[in-house]
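Here the structure comes first, spelled out in structure tokens, and everything after it is commentary.
Computed from heavy atoms alone, side chains included, the values below leave out hydrogens, waters and symmetry copies. Owing to the predicted nature of the structure, the values given are computational and were not obtained by experimental measurement. Here, residue 1 is the first one in the sequence, and each next residue gets the next number.
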Amino acid sequence: IAKQLNKKEDNKKYTKLALGYKNIFDASTGFMRLRKNGNWLSPFSAGEINNHFTEGNSWQYSFYVPHDIAGLIALHGGKQKFENKLDELFMTNEKLQGRQQDDVTGLIGQYAHGNEPSHHMAYLYDFVGKPQKTVQLIKPISKNFYKNTPDGLIGNEDCGQMSAWYIFSAMGMYPVCPGTTKYMLGTPLFNEIKINIESGKSFVIKNLHEKEMIINGYTLNGKKEDRSSIDHNSIISGGKMIFDYSAPNDP
């Protein structure tokens, strides 16, 4: 906004603040880590919940840079190393430590779906060219952490965010960085979804396969796209989006 308003000093100030996360990235561990007197705070355990992180630990905040995913990937040393770190997040056997925190629930490894700072993380595989890993996580999260019961949410429904995640994900997309017009793709939970737009137009999303398939992009109004995202403007313009798949053994 500052850039668009030609507020050069404000733009410079807030850009610097937005990239300040790089100052607490410890390349030797691959985690965001607290500093003390210019040095790293020790001892350090990524699974520890303490007063240095709000309702979470270093695992759950080390991937929380939605406005600069490319910068975060670069800090890790590239897409392959970042993918490996994501795999570690979802597969680690490390347990929670430190003080009790009721908000940290719905754990898959150290991913905590019950608290909002984790909600974009399954979609980060789109940024390293592995959308199928996103799909493999979205489906069980949607199925296991959302129930039609009084206690059907795995975490605290802060301002409706737990439900918003489900609605977006059920449509096959999610706004990893809401400050942009880009939605990262997962897979729809229904065969057909129709979005009624205020202009009177509609946007239809079709999912032709229910079995385990590999996403090959999508067709938008008859044009093949191989991206892992769709722009908001494409949706509000109306039309039809069909998810494209191939079987796991296809060449």
Side-chain angles (χ1 to χ4, degrees), residues 2 9-128 137 141 154-159 161-162 165 174-180 184:
E9 288 303 315
D10 287 341
N11 181 36
K12 182 178 178 181
K13 173 184 177 181
Y14 288 111
T15 297
K16 181 179 179 181
L17 288 173
L19 299 178
Y21 74 91
K22 296 182 179 182
N23 298 325
I24 58 168
F25 180 76
D26 178 9
S28 68
T29 63
F31 289 100
M32 300 296 174
R33 184 175 175 183
L34 278 299
R35 289 186 176 276
K36 184 177 181 180
N37 296 328
N39 299 312
W40 298 117
L41 181 66
S42 296
F44 170 74
S45 174
E48 181 181 356
I49 295 176
N50 51 44
N51 291 326
H52 299 296
F53 295 95
T54 301
E55 299 177 0
N57 58 27
S58 184
W59 271 111
Q60 291 136 28
Y61 275 93
S62 290
F63 299 88
Y64 192 67
V65 190
H67 59 287
D68 188 27
I69 303 300
L72 185 62
I73 291 173
L75 282 182
H76 280 271
K79 291 184 178 181
Q80 184 59 60
K81 291 184 178 179
F82 186 68
E83 179 187 347
N84 294 342
K85 195 67 177 181
L86 279 172
D87 290 345
E88 192 180 351
L89 166 71
F90 288 102
M91 294 189 294
T92 182
N93 293 319
E94 184 175 354
K95 304 300 182 183
L96 295 175
Q97 305 171 43
R99 64 187 180 90
Q100 176 67 26
Q101 179 53 255
D102 293 333
D103 293 85
V104 182
T105 54
L107 289 172
I108 303 176
Q110 279 285 331
Y111 169 87
H113 191 73
N115 208 27
E116 291 76 12
S118 289
H119 275 189
H120 67 295
M121 293 178 189
Y123 289 89
L124 293 180
Y125 283 110
D126 282 346
F127 292 85
V128 296
L137 287 162
I141 290 172
I154 201 69
N156 189 358
E157 175 77 306
D158 287 336
C159 298
Q161 166 57 21
M162 289 292 295
W165 184 96
Y174 190 76
V176 168
C177 182
T180 73
M184 304 309 296

| said: Closer than 3.5 angstrom, by distance alone: can the side chain of Q60 be matched with the main-chain N or O of Q110 as a donor-acceptor pair? | reply: yes
Any donor and acceptor pair, going by atom type alone, linking the side chain of T180 with main-chain N or O of C177 inside 3.5 Å? yes
Are any of the side-chain heavy atoms of Y21 and Y61 separated by less than 4.5 Å? no
Exercise answer: donor-acceptor pairs, residues 9-16 side-chain atoms, under 3.5 Å, sequence neighbours excluded:
unit_1 : atom_1 : unit_2 : atom_2 : d
N11    : OD1    : T15    : OG1    : 3.3
T15    : OG1    : N11    : O      : 2.7

Exercise. Could you check if a side-chain atom of W40 sits within less than 4.5 angstrom of a side-chain atom of T29, using non-hydrogen atoms only?
Key: no
Taking every heavy atom of V104 against every heavy atom of G56, the minimum-distance pair comes out as CG2-CA, 4.1 Å
Scanning both residues in full, the closest heavy-atom pair of L75 with F25 reads O-CE2, 3.5 Å
Sequence neighbours excluded, the answer for side-chain hydrogen bond (donor to acceptor under 3.5 Å, both in side chains) partners of S62 is S58
Residue pairs meeting salt bridge (charged side-chain N to carboxylate O under 4.0 Å, His left out), one or both in residues 21-35, sequence neighbours left out, come to D26-R33
*asked:* Just so I know, are the side chains of L96 and L107 near enough to count as touching, which here means a heavy-atom distance under 4.5 Å?
replied: yes
Contacts of D102 meeting side-chain hydrogen bond (donor to acceptor under 3.5 Å, both in side chains) (sequence neighbours excluded), chain-then-number -> Q100
Run the side-chain donor-acceptor check on residues 46-53: report pairs under 3.5 Å with partners two or more places apart or on a different chain.
unit_1 : atom_1 : unit_2 : atom_2 : d
N50    : OD1    : H52    : N      : 2.9
N51    : OD1    : R99    : NE     : 3.3

side-chain hydrogen bond (donor to acceptor under 3.5 Å, both in side chains) filter on W59, not counting sequence neighbours, yields E94
Sequence neighbours excluded, the answer for salt bridge (charged side-chain N to carboxylate O under 4.0 Å, His left out) partners of D87 is K133
The reported gap from CG in L72 to CZ in F63 (rounded to nearest 0.5 angstrom) is 7.5 Å
Taking N156 for its side chain and G114 for its backbone only, find out whether a donor-acceptor pair lies under 3.5 Å.
no
Q: Let me see the working for H76 and V128 under side chain to side chain contact (heavy atoms under 4.5 Å, CB included), right down to the final yes or no.
A: CA-CA 12 Å; H76 280 271; V128 296; over 6 Å; no
request  = State, with a plain yes or no, whether a side-chain heavy atom of I141 is found less than 4.5 Å away from one of W165.
outcome  = yes
Check: Do the side chains of Q101 and N57 get nearer than 4.5 Å, heavy atoms only?
Finding: no
Residues passing the ring pair (Phe, Tyr, Trp, His ring centres under 6.0 Å) test with Y123, sequence neighbours excluded, are Y174
Residues passing the ring pair (Phe, Tyr, Trp, His ring centres under 6.0 Å) test with H120, sequence neighbours excluded, are Y64
Sorted by chain and number, sequence neighbours left out, salt bridge (charged side-chain N to carboxylate O under 4.0 Å, His left out) with D126 holds for none
message: Quick check: do N115 and Q161 have side-chain heavy atoms less than 4.5 Å from each other?
response: no
Sorted by chain and number, sequence neighbours left out, salt bridge (charged side-chain N to carboxylate O under 4.0 Å, His left out) with E88 holds for K85
Side-chain heavy atoms of F127 within contact of K79, under 4.5 Å:
no
Residue set satisfying side-chain hydrogen bond (donor to acceptor under 3.5 Å, both in side chains) with H113, at least two apart, ordered chain then number -> Y111, Y146
